[in-house]
Amino acid sequence: MSDIIKVKNMCLWYGEHKALNNININIPGKSITALIGPSGCGKSTFLKSLDRMNDLIPGVKITGDIRYKDKDIFDASVDVNELRREIGMVFQKPNPFPMSIYDNIAYGPRTHGIKSRAKLDVIVEKSLKDAAIWDEVKDRLKKNALGLSGGQQQRLCIARALAVQPKVILMDEPTSALDPVSTSKIEELSSKLKKDYTIIMVTHNMQQAVRISDQTAFFLLGELVEYGKTETLFSTPSDKRTEDYITGRFG
Amino acid sequence: MRSQFDKQLALLNKEMIGMGALCEEIISKVLKVLADGDGQLLNGIVTLGAEIDQKERTIETLCLKLLLQQQPVAGDLRQISAALKMITDMERIGDQAEDIAEIIPFVVNRPAKADSLLHEMAEASINMVTESVDAFVGHNVELAKKVIFDDDIVDNYFTQIKQELIAEIIKNPEDGECSIDLLMIAKYFERIGDHATNIAEWVEFSVTGVHKEG
């Protein structure tokens, strides 16, 4: 699969503080990429750069090149809303809107101009099915989404991300607030979704990275230390710092 | 941060050294019986064989516990998986030594041929076992490579012994059975060399992450 995201010599500053230093990484499409590293190493910052979420933070400066489908995402011609439609995001804590399950899913498509009830019905059903939660909620679509369990809420958020037909889904520790059963449902779902989507996931759970990702990137102190096939990185890492981190010698 | 894990890995190392020592001891005893014809030692060989089997169970249990509790990756994963593979070879070394011990009563006090070569071969294969275990304990790839190289020496001994015994059978067909028994002993030592080679190859994998192909 060709690379959907290409990052070259990227640096990021929060004011005076340099949070990311000379990141170079190419992310293949329709695969799962795990970003690992100790807290504060820059992996979430990096993730949020990919759909320009860092634009919202005052004092952030980015240099270097981030290309999505070979196009510079900072180019003046880029519509940020369109970019964020193609590159969706799921957060650590499930954050459904305080409205019905149906309206949560229909929210994005409505924002993008879809008004037809029939069309919205199709999108809602498809998104919920793709996020493997349809069977659990199909009889209560009008109920408030906040009444769902944490695991269901997170799958709802994934369904909400899918509703606008993105190409890439960024996930920032999507299972860290979930129990093992919900975690395993999200993991299975991710593995299924990579058939059609590119998933980039920040995780603190090493075993999760091993289980579901195709490639893994290890960040440390704002640098990308090692990036490669997950199986190789976790069996024979080439950098001593990677070995020390994944075997629990620091971090 | 991972002191409990490090303690468990140190225990695994200690158990591996223990099992390696038992393997060396059982082959040394076999060699002594072969050299001196001291039948008394044969009982000890059976006991040692049972101890080796027991050690294999103990190490297996420890490795499975480590895999379950620590979910090891990288060097830790390689060390534990290598240990799991190595103990199978060590257990086979014990079995081969017992097999040799079973044949010895049929060849002692008989016109022994190829004696000196057989002793040299036995010593070379014991040396391979000792060095393969030392290589594991010391994460010593060079020593592991030497063991892999030394397998050819043991194989050459086997070929030479086979030639001598064929000549002997032609010369004294009535002692054919004894010659065949000696050939089997030589074959068991050759297999012990192969198992030591396997151990050395796993040591190399454990340290470098690369296992010999084929």
Side-chain angles (χ1 to χ4, degrees), chain A residues 32-41 43 173 175-176 178-181 183-184 187 201-221 224-251, chain B residues 1-14 16 62-88 135-142 144-145 148 198-214:
Chain A
I32 301 180
T33 304
L35 310 181
I36 62 165
S39 299
C41 68
K43 54 194 186 307
E173 296 185 56
T175 63
S176 63
L178 305 183
D179 67 76
V181 176
T183 297
S184 123
E187 287 183 7
M201 184 189 285
V202 166
T203 179
H204 277 294
N205 182 337
M206 299 293 145
Q207 292 304 321
Q208 180 167 71
V210 174
R211 275 195 298 269
I212 64 169
S213 72
D214 300 288
Q215 51 279 326
T216 297
F218 169 53
F219 285 78
L220 182 66
L221 299 169
L224 175 61
V225 172
E226 187 166 347
Y227 173 56
K229 272 182 73 177
T230 298
E231 213 179 303
T232 311
L233 190 134
F234 280 97
S235 58
T236 49
S238 57
D239 194 291
K240 172 92 172 49
R241 291 168 292 174
T242 314
E243 168 113 17
D244 285 350
Y245 177 69
I246 62 177
T247 58
R249 288 186 171 83
F250 73 83
Chain B
M1 257 189 82
R2 38 172 278 163
S3 61
Q4 177 61 20
F5 189 15
D6 283 334
K7 262 188 222 160
Q8 286 172 308
L9 284 176
L11 175 64
L12 173 62
N13 254 350
K14 200 176 135 215
M16 294 295 287
L62 180 59
C63 287
L64 293 179
K65 192 168 140 189
L66 278 167
L67 291 175
L68 178 68
Q69 291 180 340
Q70 306 290 352
Q71 306 194 329
V73 291
D76 299 329
L77 177 63
R78 298 201 305 273
Q79 187 182 348
I80 295 163
S81 49
L84 266 175
K85 297 291 291 184
M86 286 164 62
I87 54 174
T88 311
F136 176 75
V137 174
H139 303 287
N140 188 336
V141 177
E142 288 311 307
K145 282 189 172 146
I148 295 165
N198 288 346
I199 293 172
E201 284 169 1
W202 284 113
V203 170
E204 210 180 342
F205 166 77
S206 170
V207 179
T208 64
V210 180
H211 191 250
K212 182 184 161 275
E213 281 175 27

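Chain letters run A, B, ... following the sequence lines, proteins first, then strands; residues in each count from 1.
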Restricting to non-hydrogen atoms, name the atom on A:Pro237 and the atom on B:Arg78 that form the minimum distance, rounded to 0.1 Å. CD-NH1, 4.4 Å
Take a 6.0 Å sphere around CG of B:Leu67 and say whether it holds more than 12 heavy atoms from other residues, nucleotides or ligands. yes
Closest heavy-atom contact between B:Ala74 and A:Thr247? CB-CG2, 4.0 Å
Is atom CD of A:Glu231 surrounded by more than 12 heavy atoms (other residues, nucleotides or ligands) closer than 6.0 Å? no
Give a yes or no answer on whether the side chain of A:Gln207 reaches the backbone of B:Gln71 with a donor-acceptor pair at less than 3.5 Å. yes
Could you tell me which portion of B:Thr208 (side chain, backbone, both or neither) has an atom closer than 4.5 angstrom to a non-hydrogen atom of chain A? backbone
